[in-house]
Amino acid sequence: MLINEISRKLGITPRAIRFYEQKGLLAPTKQKENGYRIYTDHDAWRLQTIISLREVGMALEDIRLTLAKTDLNRQEEVLNALHLQRSMLFQQWSEMKQIIATMDQMIEAADSSDQLPTELLYELAKHNKELRELRSSWRDHWDFDHKASQFDELLLSVPASEMKDVNSAIAVMNPLMTTAYDAAQSKIVELIAPYAGRKGLDIGTGTGNLAGKLQQAGLTMAAIDQSQQMLKLCAAKFADIQLKLGNVLAIPYMDAEFDVVVSSFALHHLTEPQRELAWREMLRVLKPGGIICLTDYMLEAPESEEIFLRNLISSQAAQLPMMHEQVELYMVHSELMAWLQQHAMDATTQQVGQDVYVITAQK
DNA sequence: TTTCTTACA
DNA sequence: TGTAAGAA
């Protein structure tokens, strides 16, 4: 097939096809005499794939990488690429909604004054930009998996006999943390149990411990995590949980899909301004009358912060770098309570472990 | 006529 | 990616 024929067949321009070739997505052979490109059936299949992935907004470079995986028969990684693209779309969706909200404010401002309120518009634009950067700052964490290597090293420090999964590894490294971890998750299960038969979402599920418990309690669970590595581990443990790649700042689900939204020991990875975006996202995917249940290190007083750090440090000096990173960002629970009340949520808080709180709120 | 390359938008 | 130009 020459370029014209195949371009007509697939409904794209010859220029586009040559462009894909230039970008390394395609490598048709050329006729010796005139240098015309010849396209085989395999090339046609490749082009169809490119067109399909383009259609869902995948960047050419990402398509190139995905095709390379296909060539190597890395089916799983191809699937990962698709999931990643899906998550990216939710990210874009989030940003789009935010831009629209900003525009509404601009229009309202312009509408209610005689001259164009240039200063105000600029302020709105600036705020919008800040929010956008808050979200995209997370985008850098997408290939968080390479950080998993750091995590792996940590796991290696744990005796193989003790290492059933990541959580048990953490348990070995830090008993204090485990106590809080278990207590918090049990508390959540206890609070959520009446919701058996309904739909729940676990955010930052990791290896799926909490989601697994809730599933067992009778809920239909979905779970998201920003690490494909973690999702893989989770899938191996809990086949019935619907897993999706995604993050809290752009939850990869439509509005009002869940009766229950939970998250345990995940939100402390966020910065303070990011947390507000996260809460908004949780509210968005929650059905009216649904319940949110969060648990994390939510330190209220500086003293407890100090004690908490000291305990962590003394428990396992060797793991200090990682542990320290984990507690670097605190979730002050009074801050969350204030926010929930501001949004007319009926929220309560319960301490379930040292410096660990469970917060429940009704939408 | 068709395709190719290259430059530019 | 689209358009344009000059060459094979």
Side-chain angles (χ1 to χ4, degrees), chain A residues 1-103 106-107 116 118 121-122 124-126 128-143 145-146 226 228 244-247 249-250 252 254:
Chain A
M1 259 184 298
L2 293 182
I3 199 165
N4 235 306
E5 185 184 356
I6 195 172
S7 74
R8 261 186 289 106
K9 254 181 186 166
L10 298 180
I12 47 175
T13 64
R15 177 66 176 102
I17 298 178
R18 294 194 192 100
F19 185 67
Y20 297 153
E21 178 182 340
Q22 189 190 336
K23 293 296 175 189
L25 281 68
L26 216 55
T29 56
K30 294 187 179 180
Q31 251 161 5
K32 257 290 188 301
E33 321 84 70
N34 49 22
Y36 286 12
R37 276 164 256 250
I38 312 168
Y39 295 90
T40 63
D41 284 347
H42 181 257
D43 289 325
W45 173 87
R46 233 177 142 77
L47 262 171
Q48 287 186 45
T49 309
I50 295 170
I51 292 168
S52 308
L53 295 180
R54 235 14 308 262
E55 191 58 32
V56 295
M58 194 180 286
L60 285 184
E61 175 60 11
D62 291 333
I63 296 177
R64 188 179 69 78
L65 294 171
T66 306
L67 282 172
K69 306 289 186 195
T70 310
D71 294 339
L72 296 173
N73 255 313
R74 301 297 309 122
Q75 188 61 34
E76 189 191 351
E77 295 182 54
V78 174
L79 196 61
N80 284 348
L82 292 179
H83 278 295
L84 184 59
Q85 180 59 27
R86 183 179 185 282
S87 302
M88 292 295 259
L89 291 177
F90 271 93
Q91 176 121 15
Q92 288 170 18
W93 185 39
S94 273
E95 288 173 9
M96 213 51 96
K97 279 188 296 190
Q98 182 202 300
I99 292 173
I100 292 171
T102 301
M103 278 227 68
M106 285 180 167
I107 289 170
L116 203 59
T118 322
L121 293 192
Y122 181 74
L124 286 170
K126 196 171 141 196
N128 188 78
K129 186 179 178 185
E130 284 164 3
L131 284 176
R132 185 159 44 80
E133 283 168 354
L134 260 185
R135 287 204 164 85
S136 62
S137 66
W138 187 260
R139 192 180 291 159
D140 304 334
H141 294 222
W142 268 123
D143 22 343
D145 283 339
H146 78 265
Q226 91 290 13
Q228 282 166 339
K244 283 202 193 305
L245 186 67
N247 77 57
L249 303 185
M254 306 304 274

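Here is how names work: the chains are called A, B, and so on, in the same order as the sequence lines, proteins then strands, and each is numbered from 1. Only a predicted model underlies this, so the values are computations on that prediction, with no experimental measurement involved.
With sequence neighbours left out, the side-chain contact (heavy atoms from CB on, under 4.5 Å) criterion links A:Leu10 to A:Ile6, A:Ile12, A:Leu47, A:Gln48, A:Ile51. With sequence neighbours left out, A:Glu130 forms a side-chain contact (heavy atoms from CB on, under 4.5 Å) with A:Lys126, A:His127. The side-chain hydrogen bond (donor to acceptor under 3.5 Å, both in side chains) test applied to A:Asp71 returns A:Arg46, not counting sequence neighbours. Scored by the side-chain hydrogen bond (donor to acceptor under 3.5 Å, both in side chains) test, A:Lys23 finds no partners at all (sequence neighbours excluded). Here A:Arg18 pairs with nothing under the side-chain hydrogen bond (donor to acceptor under 3.5 Å, both in side chains) rule; sequence neighbours left out.
Looking at residues 20-57 of chain A, you'll see A:Tyr20, A:Arg54 sit with a heavy atom under 4.0 Å from some atom of DNA chain C.
Within the structure, side chain to side chain donor-acceptor pair (under 3.5 Å) contacts touching residues 24-35 of chain A (residues at least two apart or in different chains) do not occur. Screening residues 55-92 of chain A for ring pair (Phe, Tyr, Trp, His ring centres under 6.0 Å), with sequence neighbours left out, gives A:Phe90-A:Trp93. Among pairs with a residue in residues 43-73 of chain A, those fulfilling ring pair (Phe, Tyr, Trp, His ring centres under 6.0 Å) read A:His42-A:Trp45, at least two apart in sequence or across chains.
One interatomic measurement links the two molecules: CD of A:Glu5 to P of B:dT1, which rounds to 19 Å at whole-angstrom precision.
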In a table with atom names and distances, give each donor-acceptor pair under 3.5 Å that connects a side chain of residues 60-68 of chain A to protein atoms at least two apart or in another chain.
unit_1: A:Glu61; atom_1: OE1; unit_2: A:Arg64; atom_2: NE; d: 3.0
unit_1: A:Glu61; atom_1: OE2; unit_2: A:Arg64; atom_2: NH2; d: 2.7
unit_1: A:Thr66; atom_1: OG1; unit_2: A:Asp62; atom_2: O; d: 2.7

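The backbone N or O of A:Leu245 sits nowhere less than 3.5 Å from a side-chain atom of A:Gln228 that would complete a donor-acceptor pair.
Stem analysis of DNA chain B (Watson-Crick or G-U pairs, both distances under 3.5 Å, runs of at least three) returns B:2-9 with C:1-8.
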Pairs under 3.5 angstrom, nitrogen or oxygen only, protein versus nucleotides 4-6 of chain C, please.
none

